[in-house]
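Not measured: the values here are computed from a predicted model.
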Amino acid sequence: YNRRYMKIKNLLLSWLMIILFLGNGAFDIQAQTLINHAKQRQKENAEMQRVEKKNFEKACHDGTIYSYKEYLKMYPNGKYVLEINKLIADYDLWNSAKTANTIDAYKNYIEKSKYRSYLAQANEAILELQSISAWLQIKSGDDVKSVENFIREFPNSSCVSSANNR
């Protein structure tokens with residue numbers, strides 16, 4: 001769609017240049033009409049792109065095969081089709097890792113995933129599981145230094161609030 005639009009836009013602008021060059025009053029009105037039409041199409045195109053991006057972000061937020069396929073139905077030639085297809089291709093392996101929720105499962109996802117579409121989430125999950133393991137080892141002790149080191153090493157851990165309360 002965008003390539004076709006750009007060809008039409010360029011053709012219109014070329015005609016506008018010719019019309020403006022001729023400088024006839026009747027042509028000036030036609031030129032202004034064409035300019036206004038081109039500007040309106042630009043606004044419409046920008047709005048369509050904004051809506052497509054919003055729908056892509058919603059599909060990613062939902063994170064389900066259904067939401068990905070809905071995006072593809074709405075935008076079969078859309079800007080984010082390649083990324084959505086990668087998410088779909090990685091989905092089963094990622095879902096297995098999430099279901100197992102172990103460090104080994106997430107590492108397996110990272111190792112075997114073709115596109116690594118969920119790499120950031122896998123690394124976050126590994127870090128969280130490591131922080132939980134570390135916290136379980138130090139929480140019953142009296143070593144303040146270990147707790148401070150834990151907070152420094154895992155500042156985003158779900159266990160930080162417990163560590164701060166010690």
Side-chain angles (χ1 to χ4, degrees), residues 1-20 30-135 150-163:
Y1 168 78
N2 285 336
R3 281 184 234 135
R4 194 174 120 230
Y5 172 75
M6 291 305 291
K7 284 181 182 179
I8 293 170
K9 178 184 169 188
N10 289 336
L11 181 64
L12 284 173
L13 290 175
S14 297
W15 278 103
L16 287 174
M17 296 294 285
I18 292 169
I19 291 169
L20 290 173
Q30 289 176 348
Q32 189 59 49
T33 301
L34 290 173
I35 290 170
N36 291 341
H37 179 71
K39 286 180 182 177
Q40 181 61 33
R41 290 295 294 151
Q42 282 179 329
K43 286 180 188 177
E44 290 169 3
N45 191 41
E47 177 61 14
M48 288 180 357
Q49 288 175 355
R50 186 192 66 76
V51 170
E52 180 184 359
K53 183 178 180 186
K54 183 178 175 185
N55 286 324
F56 167 72
E57 289 169 349
K58 182 184 182 322
C60 291
H61 180 265
D62 293 348
T64 65
I65 290 290
Y66 176 79
S67 63
Y68 299 148
K69 288 185 177 181
E70 281 299 304
Y71 171 86
L72 291 175
K73 270 195 252 179
M74 292 188 315
Y75 305 99
N77 300 312
K79 180 176 182 178
Y80 306 100
V81 167
L82 181 62
E83 194 167 340
I84 288 287
N85 283 327
K86 287 178 180 181
L87 289 166
I88 290 171
D90 272 359
Y91 185 82
D92 288 338
L93 188 59
W94 170 243
N95 205 36
S96 294
K98 280 190 352 183
T99 300
N101 196 33
T102 65
I103 291 172
D104 286 340
Y106 291 117
K107 286 182 177 179
N108 182 58
Y109 165 79
I110 292 169
E111 181 183 312
K112 293 185 177 177
S113 168
K114 183 173 182 179
Y115 299 108
R116 295 184 176 161
S117 300
Y118 304 92
L119 180 61
Q121 295 96 316
N123 284 327
E124 288 172 17
I126 289 169
L127 193 59
E128 176 63 14
L129 291 172
Q130 289 171 337
S131 75
I132 291 169
S133 176
W135 178 244
F150 172 83
I151 294 170
R152 224 180 350 274
E153 187 175 347
F154 302 105
N156 298 319
S157 170
S158 62
C159 301
V160 166
S161 62
S162 296

To the nearest 0.5 Å, what is the distance between [atom1] on [X] and [atom2] on [Y]?
X	Y	atom1	atom2	answer
I103	S133	CD1	OG	6.5 Å
R41	N36	CZ	CG	14.5 Å
S158	I132	OG	CD1	4.5 Å
R116	E111	CZ	CD	8.5 Å
R50	N55	CZ	CG	9.5 Å
E70	D62	CD	CG	10.5 Å

ask   = Under 6.0 Å between ring centres, would you say that holds for Y115 and W94?
value =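 No, ring centres 6.0 Å or more apart.
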What I'd like to find out is whether the side chain of [X] reaches to under 4.5 Å of the side chain of [Y], using heavy atoms alone.
X	Y	result
L127	N123	no
Y80	L87	no
E128	S157	yes
K98	Y109	no
K69	I65	yes

NZ/NE/NH1/NH2 to OD/OE distance under 4.0 Å, E57 and K54 =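 A salt bridge is absent here (no side-chain N lies under 4.0 Å from a carboxylate O).
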query = Looking just at side-chain N and O atoms, do E52 and Y71 make a donor-acceptor pair shorter than 3.5 Å?
reply =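 Yes.
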query = Are side-chain N/O atoms of T99 and S96 paired as donor and acceptor at under 3.5 Å?
reply =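 On atom types as modelled, these side chains do not qualify, holding no pair under 3.5 Å.
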Heavy-atom pair of closest approach, residues [X] and [Y]:
X	Y	result
R152	P155	O-CD, 3.5 Å
S67	A59	OG-O, 3.1 Å
S131	F150	O-CE1, 3.2 Å
P76	V81	O-CG2, 3.6 Å
Y91	G63	CE1-O, 3.2 Å
Y106	N101	OH-OD1, 2.9 Å

task = With sequence neighbours excluded, give me every salt bridge (Lys or Arg N to Asp or Glu O under 4.0 Å) pair touching residues 77-95.
result =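 Counting only pairs at least two positions apart or across chains, no salt bridge (Lys or Arg N to Asp or Glu O under 4.0 Å) contact touches residues 77-95.
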key: From K43, Q42, Q49, E47, residue fulfilling side chain to side chain contact (heavy atoms under 4.5 Å, CB included) relative to N45   =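 Only one option passes, and that is Q49.
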task = Using the test side-chain hydrogen bond (donor to acceptor under 3.5 Å, both in side chains), find all partners of Y68 that sit at least two apart in sequence or belong to another chain.
result =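 Per chain and number, Y68 pairs via side-chain hydrogen bond (donor to acceptor under 3.5 Å, both in side chains) with Y118.
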